[in-house]
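Read the structure below first, then the notes.
First the proteins, then the strands, lettered A, B, ... as listed; each starts at 1. Keep in mind that the numbers below use all heavy atoms, side chains included, and drop hydrogens, waters and symmetry copies.
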Amino acid sequence: MTRVRSWIPGLLLISPSLLLLGVFVYGFIGLSFRESLTDKHTAAQATGRDEVGFVGLSNYTELLASPAFQHSLRNLVIFTVVFLLGTLIIGFCWAWVLERPIKGEGIFRSVYLFPMAVSFVASGVVWKWLLNSNVGEQASGLNRLFQMTGLGFLQNEWWTNPRYGILAIALPAIWQLSGYVMALFLAGFRGIPDELREAARVDGASELQLYRHVVFPQLSPVALSALIIIGHMSLKSFDLIMSIANQSAYSTKVPAIDMYNFATIYDYANSAAVGVILLVLVALAVVPYLWYDARARKRG
Amino acid sequence: MGAVTTAPGTREITGSGKPSRRTGSPGWRTFRYAVLLASLLLVLIPVYVLFVTSFKGIGDASPSRTWFFPQAWTVENWAEAWEALSPALIRSFAMVIPAAVLSSLLGSMNGFVLSRWRFPHANLVFTLILFGMFIPYQAVMIPLVQLMIDINVPNGIPSLILLHVVYGIPICTLIFRNYYETVPMELIESARVDGAGMLRTYFSVVLPISIPSFVVVLLWQFTSAWNDFLFAVFFSTANNGPVTMALNNLANGAMLSNYGVSMAGALIASLPTLLVYVLLGRYFVGGLMAGSVKG
């Protein structure tokens with residue numbers, strides 16, 4: 001009997017997964033793209049009763065030229081920048097103060113991290129209440145808390161503000177994910193060998209120099225991971241907006257909401273086009289990251 | 001070193017800090033406690049609101065009383081929320097358990113082959129699998145909607161199980177692969193020398209030492225499928241979908257929403273994942289550290 005190449009069984013074992021992902025990830029991305037090049041804008045076309053024509057990239061050019069979609073993209077950019085800055089700064093600070101032994105560390109860590117275990121839909125319920133836009137007599141939620149603590153001037157209309165409403169959504173998002181970033185940074189801090197710090201101290205480095213030349217460089221891979229993970233989550237943000245505002249609120253619209261709204265009116269072509277645009281945005285960040293990661297793995 | 005594939009394990013952060021390190025001056029310690037306690041209070045504000053509001057009756061409806069304890073504690077909201085959510089809770093369990101088990105089994109096999117029974121270009125294949133973890137599902141949604149109609153998978157839990165299994169494969173593969181990378185190659189080689197084939201090696205050598213990873217992966221899949229809303233909203237309704245759908249309907253549905261009931265509902269819907277977090281937090285963190293989050 002000839003010996004079968006020993007790696008063949010391995011390939012066979014994982015072939016079901018490869019087949020599924022090939023179809024459900026790569027195949028469907030291809031189909032979405034094809035769909036986005038058509039004029040399938042009505043229910044009759046979606047169900048095959050009316051004919052569907054090929055229109056090239058015109059759905060993309062029209063979307064990108066429309067003020068409504070530009071508003072979504074602008075919201076997405078604002079949201080992403082604030083979400084990233086918020087989680088990275090808070091997460092880093094928490095990790096920084098927790099890094100060295102302190103009594104009650106476990107409790108602090110668990111409390112900061114727990115919002116991560118809750119669904120956006122559930123946290124949306126309470127944040128919708130906290131971000132109530134009523135002011136004055138009728139104020140509740142955070143606006144009422146501001147009044148009670150003498151910070152009445154901070155009262156605002158939160159997510160209903162037409163220009164910056166999206167910032168109000170970043171607040172719960174930061175609340176939910178800062179603990180996660182803390183956990184990443186904490187692991188990064190703990191991964192720095194003590195000897196490295198000691199050596200720097202022996203060489204006469206000040207605390208500031210120690211951070212600049214030893215700690216920060218060691219933490220940069222962690223920061224990159226956090227950036228990519230939070231960034232790609234941010235681009236896909238959907239659940240929180242649905243449960244705090246809702247799909248018809250213009251002030252908090254982002255592409256993921258547009259995608260859903262197009263789908264509910266059977267405008268599959270535009271819906272798919274928005275999906276592909278989101279994919280391109282995510283890929284711009286993730287592909288270089290995965291490439292860098294794969295090269296690092298090769299080097300060992 | 002690679003950032004995704006070499007994300008640190010659980011031990012580094014769950015063990016307390018190294019005792020050899022200096023704890024700093026008293027002033028620095030006071031500062032640390034001040035920051036930690038203030039943050040603790042801020043993080044817990046929403047929890048306080050959820051808890052207190054869920055026990056309030058009609059008499060506490062006035063906006064001026066929103067931040068105070070109820071005048072009379074009542075469990076009516078809880079009873080109403082339970083009635084509205086309990087069928088969906090059962091459906092959520094029926095969805096999450098098979099989804100988590102199936103995707104972790106597939107992930108374990110993939111992880112084993114991609115780290116310890118490699119084939120040519122295994123690294124490239126691994127990267128292609130990982131990409132599936134990051135894609136916005138919006139980019140595959142329209143073909144999925146059409147597929148589910150074409151192959152007749154009933155709307156609701158069956159569709160969702162299929163989706164959570166398939167799209168859970170990348171993260172499960174990643175976690176298992178990282179774990180198996182730490183299994184000494186000699187262990188695999190010696191099984192091979194003893195004449196064990198791939199399946200024997202997997203089942204008798206690798207699988208028995210995979211329990212910790214299985215716990216991490218199962219918890220991770222449990223939590224992310226439990227908390228999913230995007231797939232749920234496309235492939236189910238409040239009447240046949242998971243608890244996130246029922247909760248959203250309770251809080252934002254056509255009926256005038258009663259905050260007391262919604263908040264009791266939010267607590268009920270979060271209880272399973274919170275319990276998992278409290279009881280098995282160590283492993284939960286392990287999943288987080290593996291370098292991925294699903295939104």
Side-chain angles (χ1 to χ4, degrees), chain A residues 7 9-11 13-14 17 20-21 24-25 28-29 31-32 35 97 100-102 105 108 111-112 114 117-119 121-122 125-126 129 138 140 144-145 180 183 186-187 190-191 221 224-225 229 232-233 236 238-239 243 246 256 259 268 271-272 275-276 278-279 282 286 290 293-294 296-297, chain B residues 1-5 8 12-13 16-17 21 23 32 35-36 40 43 46 49-50 63 66-67 106 109-110 113 117 119 123 127 129-130 132 134-136 138-143 166 169 198 223 227 229-230 244 247-248 251-252 259 262-263 266 269-270 273-274 277 285 288-289 291 293 295:
Chain A
W7 51 265
L11 196 56
L13 186 67
I14 72 167
S17 295
L20 280 172
L21 291 176
F24 278 75
V25 174
F28 283 2
I29 288 174
L31 286 180
S32 269
E35 202 82 344
V97 289
R100 286 177 226 182
I102 192 164
E105 183 201 322
F108 291 120
V111 169
Y112 298 162
F114 99 90
V118 177
S119 67
V121 178
V125 170
V126 62
W129 183 94
Q138 284 305 307
S140 68
R144 170 68 65 172
L145 187 67
Y180 174 56
L186 210 45
R190 303 258 155 99
L224 181 66
S225 293
I229 291 160
H232 100 280
M233 282 184 72
K236 303 192 277 194
F238 175 74
D239 310 14
S243 63
N246 62 51
M259 188 271 155
Y268 284 178
S271 190
V276 171
L278 275 178
L279 177 73
V282 169
V286 167
L290 288 177
D293 187 64
R297 210 178 312 125
Chain B
M1 296 196 93
V4 176
T5 43
E12 282 133 34
I13 92 143
S16 56
R21 269 186 211 157
T23 38
R32 287 168 78 196
V35 171
L36 289 170
L40 194 80
V43 171
V49 168
L50 270 173
T66 49
W67 285 91
L106 288 171
M109 296 194 287
N110 298 343
V113 171
W117 210 276
F119 49 87
N123 274 336
T127 302
I129 292 178
L130 278 189
F134 290 101
I135 61 160
Q138 284 86 356
V140 291
M141 203 60 90
I142 295 297
V166 173
I169 291 175
M198 181 198 63
T223 317
N227 289 342
F229 184 64
L230 181 64
T244 42
L247 176 63
N248 187 55
N252 303 318
Y259 271 117
S262 326
M263 300 225 188
S270 314
T273 48
L274 281 181
Y277 175 71
V285 174
L288 297 182
M289 298 282 89
V293 170

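- Among B:T223, B:L274, B:V35, the residue with the largest count of heavy-atom pairs under 4.5 Å with chain A is B:L274.
- In this structure, CE in B:M141 is found 14.0 Å from CD in A:E35, a value given to the nearest 0.5 Å.
- For A:V111, the parts lying under 4.5 angstrom from a heavy atom of chain B are both the backbone and the side chain.
- Qualifying ring pair (Phe, Tyr, Trp, His ring centres under 6.0 Å) partners for A:F108, counting only residues two or more places apart in sequence or in other chains: none.
- In this structure the side chain of A:L279 reaches within 4.5 angstrom of the side chain of B:I135, judged on heavy atoms.
- When heavy atoms are compared at a cutoff of 4.5 Å, B:L50 approaches chain A by way of both its backbone and its side chain.
- Only the side chain of A:V282 comes within less than 4.5 Å of a heavy atom in chain B; its backbone stays farther off.
- A distance-only check finds a donor-acceptor pair linking the side chain of B:T273 to the backbone of A:A117 [under 3.5 Å].
- Between the side chain of B:S262 and the backbone N or O of A:V125 there is no donor-acceptor pair closer than 3.5 Å.
- In terms of heavy-atom proximity, A:L13 sits nearest to B:M109 at CD1-SD, 3.6 Å.
- When all heavy atoms of A:G275 and B:A139 are compared, the closest pair comes out as O-CB, 3.5 Å.
- Of the residues considered (B:L106, B:I129, B:T244, B:V49), B:V49 shows the highest number of contacts with chain A, using heavy-atom pairs under 4.5 Å.
- Between B:N227 and A:D239 there is no side-chain heavy-atom pair separated by less than 4.5 Å.
- Under the 30°/60° scheme for interplanar angles, the aromatic rings of A:W129 and B:Y259 are found to stand perpendicular.
- How far CD1 of B:I142 is from CE of A:M259: 4.0 Å, rounded to the nearest 0.5 Å.
- Counting heavy-atom pairs closer than 4.5 Å to chain A, the top-ranked of the candidates B:S270, B:G132, B:P46 is B:P46.
- Among all heavy-atom pairs drawn from B:Q138 and A:F238, the shortest one is NE2-CB, 4.4 Å.
- The line from CG of A:L20 to CD1 of B:I169 is 5.0 Å long, rounded to the nearest 0.5 Å.
- Between B:V140 and A:V25, every side-chain heavy-atom pair lies at or beyond the 4.5 Å cut-off.
- With a 4.5 Å cut-off on non-hydrogen atoms, B:M198 touches chain A through its side chain but not through its backbone.
- Shown here are the side-chain hydrogen bond (donor to acceptor under 3.5 Å, both in side chains) partners of B:N248, two or more places apart in sequence or in another chain: B:N252.
- For the set A:A294, A:A122, A:S243, A:S119, the entry with the most heavy-atom pairs within less than 4.5 Å of chain B is A:S119.
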